Amino acid sequence: PEARAALLDLSSVPAKNGINYRQKWSFDAAMGCNAEQFNDFYSALGDAKSKHSAFLGRNLALASSDPGGALTATVQELLTQEHTNESSQILRLIIEALPPHTNLAEMEKLLPASKDGLDYIIDGRSALLRRWASEDSEAAGNYVRGTISGSQHERNSRISCSAVPLSGP
C-alpha cells in the first residue's frame with residue numbers, strides 16, 4: 001500500500017532507455033492488489049497509459065484464479081489501444097500464467113479472429129497453441145486439424161457452390 005501511494009505521488013517519472021517507469025511500476029503495483037485496492041489505485045492513477053498498464057498487471061495476477069475473465073478482459077483492453085510489442089508480451093504472460101488443466105480449447109475461443117493489424121492476437125494464439133501442445137499434443141493437434149479441416153470444408157463448399165452451372169433455357 002505504501003509503495004502504491006508513493007507511486008501516485010509521482011506525477012511524472014521521465015522515461016529512460018525507452019522505459020516508462022511509471023507505467024512499469026503501475027503494472028507491477030496492480031499485481032499485488034486485491035479488488036478493492038485495485039479499484040482505489042486505478043481511480044487515483046490519472047493518466048490513461050498508467051491505468052492501462054495497471055489494468056493489464058491486475059489481469060495477469062488474476063489469470064491463475066480466473067483464466068477466462070483475465071484473458072477476455074485483456075483482449076478487450078488491447079482492442080481499445082494502439083498495438084505495441086507489449087500487447088503480444090502481455091498475452092503470452094497471461095497464457096503462461098493460466099493454471100494447469102485449464103481448458104485451452106475454451107481459452108482459444110476467447111481470442112478474436114485474426115485481422116490485419118492484430119498481430120498480437122496471432123502471437124497470443126501461437127503462445128496458447130504452444131502451451132497446449134506441450135501439455136497435450138494430441139488434443140492440440142486434433143484441434144488444429146479440425147480447425148484447418150473446417151476452414152478447408154467451408155472454402156470447398158463456397159468453391160463447389162460457385163462452380164455449379166446456372167440452369168438456363
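For clarity, every value in this text was computed on a predicted model and none was experimentally measured.
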Heavy atoms, side chains only, cut-off 4.5 Å: are [X] and [Y] in contact?
X: Leu104; Y: Tyr143; result: no
X: Met107; Y: Pro67; result: yes
X: Pro112; Y: Val75; result: yes
X: Leu60; Y: Phe27; result: yes

> Which heavy atom in Ala61 sits nearest to a heavy atom in Met31, and how many Å separate them?
Replying inline: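 Scanning both residues, the minimum pair turns out to be CB-O, 3.4 Å.
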> What are the two closest heavy atoms between Leu45 and Ser26, and how far apart are they?
Replying inline: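 Leu45 and Ser26 have their closest heavy atoms at CD2-OG, 3.6 Å.
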Can you get from [X] to [Y] by hopping between Ile, Leu, Val, Met, Phe, Trp and Tyr side chains that sit under 4.5 Å apart?
X: Phe38; Y: Leu62; value: no
X: Val144; Y: Leu111; value: yes
X: Leu129; Y: Ile122; value: no
X: Leu71; Y: Leu98; value: yes

Roughly how far, to the nearest 0.5 Å, is [atom2] of [Y] from [atom1] of [X]?
X: Trp25; Y: Ser53; atom1: CH2; atom2: OG; value: 13.0 Å
X: Leu128; Y: Ile121; atom1: CG; atom2: CD1; value: 11.5 Å
X: Arg125; Y: Tyr120; atom1: CZ; atom2: OH; value: 11.5 Å
X: His52; Y: Asp47; atom1: NE2; atom2: CG; value: 11.5 Å
X: Arg58; Y: Lys51; atom1: CZ; atom2: NZ; value: 16.0 Å

> Among all residues two or more places apart in sequence or in another chain, which pass the side chain to side chain contact (heavy atoms under 4.5 Å, CB included) test with Asp136?
Replying inline: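 Side chain to side chain contact (heavy atoms under 4.5 Å, CB included) check on Asp136 returns Trp132, Glu138, Ala139.
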Without swapping roles, check the side chain of [X] against the backbone of [Y] for a donor-acceptor pair under 3.5 Å.
X: Arg131; Y: Ile95; result: yes
X: Thr102; Y: Pro99; result: yes
X: Arg92; Y: Asp123; result: no

> Under the side-chain contact (heavy atoms from CB on, under 4.5 Å) criterion, do Asn39 and Glu36 qualify, and how do the steps go?
Replying inline: CA-CA 5 Å; Asn39 290 335; Glu36 183 180 340; 5.7 Å; no
>> Looking at Glu86, I want to see if its CD is surrounded by more than 12 non-hydrogen atoms of other residues, nucleotides or ligands under 6.0 Å.
In response: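 At most 12 heavy atoms, drawn from other residues, nucleotides or ligands, come within 6.0 Å of this atom.
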>> Under the criterion side-chain contact (heavy atoms from CB on, under 4.5 Å), I'd like the reasoning laid out for Leu78 against Leu56: C-alpha separation, chi angles, the key distance, then a yes or no.
In response: CA-CA 9 Å; Leu78 292 176; Leu56 296 176; 4.2 Å; yes
> Residues two or more places apart in sequence or in another chain: which of them pass ring-ring contact (aromatic ring centres under 6.0 Å, His included) with Phe55?
Replying inline: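 Per chain and number, Phe55 pairs via ring-ring contact (aromatic ring centres under 6.0 Å, His included) with no residue.
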